[in-house]
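Step one of this worksheet: look at the structure below.
Nothing fancy with the numbering, it's 1 onward along the sequence.
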Amino acid sequence: MKYIVYIFFRFLVFLFSLVPFPVLYFISDILRFLLKHILRYRSQVIKKNIAYCFPELSEKKRLEIYNDFYKNFIDVILESIKGLSSDPVKLKNRYVLKNPEILTEHYKNNQSVIIFSQHFNNWEWGSITLGLQTSHHIIGIIKTISNGYINQYMKEGRTGNNVSVCAAEDTSKLFKAHDGVTKGIVFIADQMPYRKGKHYNIDFFGKSTDFHKGGAIFACAANYPAFSIDIHRVARGRYELELIELHPSPIEIGPESLTRLYVQNLERLIRHNPSNWLWSHKRFKKVIEY
């Protein structure tokens, strides 16, 4: 069964390789209508998450976020699939890192860095294009996909063009390896922690919320300068990325304070464009009955 799912997935990748971007967004609009109005995909989860974070907003305003979320969500899914068959050099013209020079001095000093990302706008194209826009070799920390065929295909698709990936369970090996490569190690750290005890309780939208601690612990142990990479949509299928320094020497503040800086920046991003975050996950299931 897993192989059949893999073959179907590969067929989708091939199919979307033939589709130009204007047609891709026409398809996205159709799928958005089906997902929101017919299938009502995770409708209650999305509404409850938005209400939990924005209790001060009117029902009308929360409904606007809910409606706009589906547009962002479907666009990102289809863009991610199309990205697997796209020319990375051409794709980076749609996914532009505005300030790569912020890393230049670190690279000259042979200093690796930690880059925290989040499920905000299109995070997937970073694994395809980011290495083409930095001198640092980019390594993405990823969660293993249960379908082994798709997992291997995705690993291969995310490797190359100065980018490689590392399974989350192998992160400690990555930091112990002294390979002489000046790295930019990317953690997506906004999902709900899936391991007991591997989290910090951080204020997020005025509520105590669990966040992964692993990335911050590794950053402090290695004392790698830490950054957030903020993803801004300029237009459909076009993004600008901005590196924001969280702390130049994380060991001075410790992993919990570093995580707090990341979370504060994440909340700022979400408040500015709330529909662009991934509201469909059961992010707050410890306190919300979905």
To the nearest 0.5 Å, what is the distance between [atom1] ([X]) and [atom2] ([Y])?
| X | Y | atom1 | atom2 | value |
| --- | --- | --- | --- | --- |
| Glu240 | Asn121 | CD | CG | 11.5 Å |
| Ile138 | Thr129 | CD1 | OG1 | 10.0 Å |
| Ile30 | Leu34 | CD1 | CG | 8.0 Å |
| Ile185 | Ile114 | CD1 | CD1 | 4.5 Å |
| His212 | Ile217 | NE2 | CD1 | 12.0 Å |
| Phe218 | Lys176 | CZ | NZ | 8.5 Å |

Practice task
Determine the minimum heavy-atom distance between Lys2 and Ser146, stating which atoms define it.
Solution key: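 The answer is NZ-O, 3.2 Å.
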Heavy-atom count around [X] [atom1] within 6.0 Å, excluding the residue itself: above 12?
| X | atom1 | result |
| --- | --- | --- |
| His37 | NE2 | yes |
| Phe175 | CZ | yes |
| Lys48 | NZ | yes |
| Lys61 | NZ | no |
| Tyr149 | OH | no |
| Phe14 | CZ | no |

With the side chain counted from C-beta on, respond yes when [X] and [Y] share a heavy-atom pair under 4.5 Å apart, and no when they do not.
| X | Y | answer |
| --- | --- | --- |
| Tyr290 | Asn49 | yes |
| Arg268 | Asp230 | yes |
| Phe116 | Leu266 | no |
| Cys166 | Lys183 | no |

Problem - Passing candidate, side-chain contact (heavy atoms from CB on, under 4.5 Å) with Ile141, options Val186, Thr171, Ile188 - result: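 With Ile141 as partner, side-chain contact (heavy atoms from CB on, under 4.5 Å) holds for just one option, Thr171.
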Whether [Y] and [X] form a salt bridge (side-chain N of Lys/Arg under 4.0 Å from carboxylate O of Asp/Glu) is what I want to check.
| X | Y | value |
| --- | --- | --- |
| Asp29 | Arg32 | yes |
| Glu79 | Lys82 | no |
| Arg10 | Glu156 | no |
| Glu64 | Lys60 | no |

Under a 3.5 Å distance rule, please check whether [X] uses its side chain to pair with a backbone N or O of [Y] as donor and acceptor.
| X | Y | answer |
| --- | --- | --- |
| Tyr95 | Asn122 | yes |
| Asp68 | Ser275 | no |
| Gln133 | Leu97 | yes |
| Tyr262 | Ser117 | yes |
| Glu242 | His232 | no |
| Arg158 | Val165 | no |
| His199 | Met192 | no |
| Asn223 | Ile251 | yes |
| Arg94 | Gly237 | yes |
| Asn147 | Ile150 | yes |

Exercise for the section: If the plane angle is over 60° it's perpendicular, under 30° parallel, otherwise tilted; pick one for Tyr6 and Tyr3. Expected result: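 Because their plane-to-plane angle lies in the 30° to 60° range, the rings of Tyr6 and Tyr3 count as tilted.
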Practice task
Classify the angle between the aromatic ring planes of His281 and His119 as parallel (below 30°), tilted (30 to 60°) or perpendicular (above 60°).
Solution key: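 Rings of His281 and His119: tilted, as their planes differ by 30° to 60°.
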Practice task
For this output row, return yes or no: ring centroids of Phe54 and Phe205 closer than 6.0 angstrom.
Solution key: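 Phe54 vs Phe205: aromatic centres under 6.0 Å.
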Exercise for the section: State, without any angle test, whether Asn72 and Arg233 hold a side-chain donor-acceptor pair at a distance under 3.5 Å. Expected result: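 Yes, a side-chain donor-acceptor pair sits under 3.5 Å.
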Handout entry: Counterpart residues, ring pair (Phe, Tyr, Trp, His ring centres under 6.0 Å), relative to His137 (two or more places apart)
Key =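 Here no residue qualifies.
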